[in-house]
Amino acid sequence: RHPLATFFHLFFRVSAIVTYLFCDWFSNSFVACFVTILLLLSFDFWSVKNVTGRLLVGLRWWNQIDEDGKSHWVFEAKRVPAIAASTEAEARIFWLGLIICPVIWTMFFFSTLFSLKLKWLALVIAGISLQTANLYGFIHCKLGGQKNISRVTSGLFGTADVPKRQSRRISEDGTEEHGKTGTR
């Protein structure tokens, strides 16, 4: 249903990885390679967070700051009828891309660290940070739409009851929002 969104979901991710792997072959300029890869990672972060996550799986997350200066994380899961839902293949592509890419950037981190290519370390850390932030946000959206996150974490780790910090509201357009509030 959304071939363009699916294409760009993978395009920026794969392009950043391929550019990282082969940039030395095509350019001797470290700065040009660094900026190109960082731009691709930034485009990927924005497009996944704001466009493809919403279109492919009906999830979106963001942070807003209220008048008191408190930071509120909002995790939104859109309720869509079965007819309007994205296809199973699109959802699978979304989640596989979201999970595999941080793993690849983590492997790049260790290979960069052990090969002592320290000038690339900042870029790899930026890649891990941007990819992991999206993964974290969408996992919260997904789990928040099904269960209370505190119940899930306490059930997984066998800990005592975690204090509930989840709020849930349904807006006028039929979306369900789960906000995790806290100060920064």
Side-chain angles (χ1 to χ4, degrees), residues 2-65 69-77 86 89-144 149 153 156 178-184:
H2 302 96
L4 194 60
T6 306
F7 170 77
F8 280 109
H9 177 70
L10 295 177
F11 174 75
F12 291 126
R13 292 174 173 268
V14 172
S15 296
I17 291 170
V18 169
T19 304
Y20 177 79
L21 289 173
F22 299 115
C23 197
D24 285 340
W25 291 3
F26 299 111
S27 175
N28 291 331
S29 173
F30 169 74
V31 174
C33 293
F34 190 94
V35 169
T36 302
I37 296 167
L38 196 58
L39 281 173
L40 288 168
L41 287 168
S42 300
F43 291 154
D44 171 62
F45 179 81
W46 182 87
S47 67
V48 171
K49 182 180 169 300
N50 295 313
V51 179
T52 62
R54 186 68 162 152
L55 291 176
L56 300 180
V57 290
L59 302 173
R60 189 170 62 163
W61 62 274
W62 67 91
N63 182 5
Q64 60 190 34
I65 299 177
K70 291 184 179 179
S71 178
H72 299 278
W73 289 94
V74 182
F75 303 98
E76 180 182 77
S86 62
E90 286 176 342
R92 189 172 295 126
I93 289 170
F94 177 83
W95 287 108
L96 284 175
L98 205 63
I99 293 169
I100 291 173
C101 288
V103 171
I104 292 172
W105 283 103
T106 303
M107 291 186 322
F108 288 162
F109 173 79
F110 288 113
S111 70
T112 302
L113 192 62
F114 293 135
S115 65
L116 297 176
K117 295 182 181 179
L118 300 180
K119 65 181 183 180
W120 292 100
L121 201 57
L123 180 67
V124 172
I125 291 172
I128 291 170
S129 300
L130 291 171
Q131 300 282 324
T132 306
N134 259 337
L135 178 63
Y136 178 80
F138 283 110
I139 286 175
H140 269 285
C141 291
K142 182 75 172 170
L143 292 179
I149 293 175
T153 55
L156 285 175
H178 305 274
K180 182 176 181 181
T181 60
T183 58
R184 203 163 218 219

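Basis for what follows: all heavy atoms, side chains included, without hydrogens, waters or symmetry-related copies.
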task: Output, in order, the C-alpha distance, side-chain angles, deciding distance and verdict of side-chain contact (heavy atoms from CB on, under 4.5 Å) for V103 and Q131.
output: CA-CA 9 Å; V103 171; Q131 300 282 324; over 6 Å; no
Approximate separation, where rounding is to 0.5 Å, of C101 SG and I128 CD1: 12.0 Å
- request: Tell me, please, which residues at least two apart from I99 pass side-chain contact (heavy atoms from CB on, under 4.5 Å).
  value: L135
- line: Minimal heavy-atom distance between H2 and E90, with the atoms involved, is N-OE2, 2.6 Å
statement: ring-ring contact (aromatic ring centres under 6.0 Å, His included) filter on F108, not counting sequence neighbours, yields Y20, W105
query: Of all residues at least two apart in sequence or in a different chain, which pass the side-chain contact (heavy atoms from CB on, under 4.5 Å) check with A32?
result: S27, S29
- request: Looking only at non-hydrogen atoms, find the nearest pair between T132 and P102 and report the distance.
  value: OG1-CB, 4.1 Å
- line: Rounded to the nearest 0.5 angstrom, the OG1-CG distance for T6 and L56 is 4.5 Å
Any donor-acceptor pair under 3.5 Å from H9 side chain to F94 backbone: yes
query: So which pairs with a foot in residues 6-29 pass salt bridge (charged side-chain N to carboxylate O under 4.0 Å, His left out), sequence neighbours left out?
result: R13-D44
task: Could you tell me how the ring of F8 sits relative to the ring of F11: parallel (under 30°), tilted (30 to 60°) or perpendicular (over 60°)?
output: perpendicular
- request: Give, for atom OG1 of T112 and atom CG of L118, the distance between the pair rounded to the nearest 0.5 Å.
  value: 9.0 Å
- prompt: Mind checking whether W73 and H140 have side chains closer than 4.5 Å, heavy atoms only?
  reply: no
statement: Rounding to 0.5 Å, atoms CH2 (W120) and SG (C23) come to a distance of 5.0 Å
- prompt: Distance from I125 atom CD1 to T106 atom OG1, nearest 0.5 Å?
  reply: 11.0 Å
message: Measuring from atom OG of S47 to atom CG of L55, what distance do you get when rounded to the nearest 0.5 angstrom?
response: 10.5 Å
With L98, the side-chain contact (heavy atoms from CB on, under 4.5 Å) member among I139, V57, N134: N134
Non-hydrogen atoms of F45 and A133 that approach each other most closely: CE1-CB, 4.0 Å
- line: Heavy-atom closest pair (G97 atom, L10 atom, distance to 0.1 Å) is CA-CD2, 4.5 Å
- line: Applying ring-ring contact (aromatic ring centres under 6.0 Å, His included) to F43 and not counting sequence neighbours gives F12
Pairing residues for F26 by the ring-ring contact (aromatic ring centres under 6.0 Å, His included) criterion, not counting sequence neighbours: none
message: Minimum heavy-atom separation for V74 and Q64, please, with both atom names.
response: CG2-CD, 4.0 Å
query: What heavy-atom pair brings I65 and S71 nearest, and what distance separates the two atoms?
result: CG1-CA, 4.3 Å
